[in-house]
Amino acid sequence: MWNRPWSMKEGFLIGGGLLAAGLALELSVGQVKWDAFAWPVNGYVFGGFLALIAIAFLLRKKVYAFQFIGTYQAAIPAMVYAVVLTIIMGLTRQKVGGSWLNDMLSFWPFVLIYVYIAVILGVIILRRTVNCPLGRRTLATNGTQELSTVNLKRDIPFLLNHLGLFLALTTATLGNADMQRLKMITAIGEPEWRALDANGAVKEMPLAIELKKFIMETYDDGSPKRFASEIQILTKTKKNIETTVDVNKPYEVDGWKIYQYGYDTQMGAQSQISILELVSDPWLPLVYTGIYMMLAGAMCMFIFGKGVKRKSE
């Protein structure tokens, strides 16, 4: 064991070591405190993480462990651990502030394994980028140098898929600290600029909302069929925005999505208040960018694969 070249046995041991280190951290310092990574800390962490991956890639020929990170012998065991932990997360009830397996997103072993996977992805992406035909030329049959089209058609989908996964994984994790989900109780004729977080703390908002009219449609038995709110929004950039928000049809302004959440159930259709949910997730566009890149990679695989097949026929 630990004789070069390393195999998946060493890969599983490295993953197991990360799990053990995660458990030690969980017992000594408690859960991951994502609030401590709020902007601009998460920006610095993201930059430092990219630098760490670049250093590992540059030192791969001098430090064998860094070279091993970019191999499937390291990637497959890491994915096995991640899948097992993800299945456990799906089988256990998850809640913010839960202990150990009940709050996996803040569970150190879970976080460390996914960080390890992100490092593996980063090193693989850099290695494939350096070896991409865009950066090198091959000798053609006529003695001239030209780009390798076949390799290029393989590299583009590969890079789109892996870079998209890396971007979605890292930004979704780090952006979690900046996501806000607040509740605002609005009343007819009374502009409101304060909202409550999950702990009941009052937050002053950069916008004010006034309820103009509460709308409720019911079934024949009187049960709610639809409820919505006609509201007026006052912001620092736009004024007197009048719109209607439904449960699944939010209105977005200045980075905030405003959803219909609740109402005075005792008053029913005559409710004079409406409870709105305000959600802000500034890192979400980067997450979507990563997802779109993976979709583009899948399309390229289909298009290029179909073209290569026709050419071979």
Side-chain angles (χ1 to χ4, degrees), residues 31-43 93-98 103 105-106 171-219 221-289:
Q31 295 178 320
V32 178
K33 306 298 183 184
W34 288 115
D35 291 344
F37 291 89
W39 183 264
V41 175
N42 47 14
R93 184 178 180 182
Q94 300 294 304
K95 60 179 180 179
V96 178
D103 189 6
L105 294 179
S106 299
T171 56
T173 302
L174 291 173
N176 183 59
D178 291 329
M179 187 179 73
Q180 298 185 68
R181 191 180 294 271
L182 309 173
K183 302 292 189 302
M184 178 182 284
I185 301 175
T186 59
I188 294 179
E190 299 180 11
E192 181 61 74
W193 66 93
R194 295 162 300 177
L196 302 175
D197 63 15
N199 298 318
V202 178
K203 303 283 186 180
E204 290 193 3
M205 303 297 296
L207 51 83
I209 301 176
E210 179 182 343
L211 176 64
K212 292 297 184 180
K213 181 181 179 182
F214 178 72
I215 304 169
M216 174 176 282
E217 298 175 3
T218 60
Y219 292 102
D221 61 359
S223 60
K225 178 180 180 181
R226 168 183 176 254
F227 56 94
S229 297
E230 293 182 2
I231 59 174
Q232 182 178 18
I233 308 171
L234 303 176
T235 72
K236 296 180 180 179
T237 57
K238 299 178 181 179
K239 294 184 179 181
N240 298 326
I241 302 173
E242 295 186 359
T243 186
T244 301
V245 292
D246 283 72
V247 175
N248 295 318
K249 296 180 181 179
Y251 184 82
E252 186 170 1
V253 57
D254 290 353
W256 289 91
K257 285 186 177 182
I258 305 172
Y259 293 84
Q260 177 68 48
Y261 184 80
Y263 58 95
D264 186 345
T265 55
Q266 293 183 346
M267 294 292 293
Q270 305 302 318
S271 177
Q272 298 297 297
I273 67 170
S274 179
I275 305 174
L276 306 175
E277 183 176 53
L278 286 74
V279 180
S280 174
D281 192 352
W283 289 66
L284 191 59
L286 291 174
V287 178
Y288 281 148
T289 299

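Heavy-atom basis, side chains included; hydrogens, waters and symmetry copies ignored. Bear in mind that the values here come from a model prediction, so they are computed numbers and not experimental data.
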Evaluate the salt bridge (Lys or Arg N to Asp or Glu O under 4.0 Å) criterion for residues R194 and E204: first the C-alpha distance (whole Å), next the side-chain angles of each, then the deciding distance (0.1 Å), finally the verdict.
-> CA-CA 5 Å; R194 295 162 300 177; E204 290 193 3; over 6 Å; no

Might you work through the side chain to side chain contact (heavy atoms under 4.5 Å, CB included) test for T243 and I258, ending with a clear yes or no?
-> CA-CA 11 Å; T243 186; I258 305 172; over 6 Å; no

Hey, what do you get for CG (L284) to CE (M179), rounding to the nearest 0.5 Å?
-> 9.5 Å

Got a second to check how far I188's CD1 is from E230's CD, nearest 0.5 Å?
-> 10.0 Å

Give the C-alpha distance, both sets of side-chain angles, the deciding distance and a yes or no for side chain to side chain contact (heavy atoms under 4.5 Å, CB included) between R226 and I215.
-> CA-CA 8 Å; R226 168 183 176 254; I215 304 169; 3.8 Å; yes

Close side-chain approach of M205 and L182, heavy atoms under 4.5 Å = yes

Modelled atom types, side-chain donor and acceptor of Q260 and S229, under 3.5 Å = yes

Rounded to the nearest 0.5 Å, what separation is found between the CD atom of E210 and the CG atom of L234?
-> 7.5 Å

So which heavy atom on E192 is nearest to which on I185, and how close?
-> CG-O, 3.7 Å

Go through the structure and list residues passing ring-ring contact (aromatic ring centres under 6.0 Å, His included) with W34, not counting sequence neighbours.
-> F37

Taking only residues two or more places apart in sequence or in another chain, which ones pass ring-ring contact (aromatic ring centres under 6.0 Å, His included) with Y263?
-> F214, F227

CZ/R181 to CG/D197 distance, rounded to the nearest 0.5 angstrom?
-> 13.0 Å

Hey, what do you get for CE (M184) to CD1 (I275), rounding to the nearest 0.5 Å?
-> 12.5 Å

Quick check: does any side chain N or O of N199 sit under 3.5 Å from a backbone N or O of A201, one acting as donor and the other as acceptor?
-> no

Residue pair W39 / D178: nearest heavy atoms and the distance that separates them = N-OD1, 2.8 Å

Drop me the distance from E242's CD to I233's CD1, to the nearest 0.5 angstrom.
-> 10.0 Å

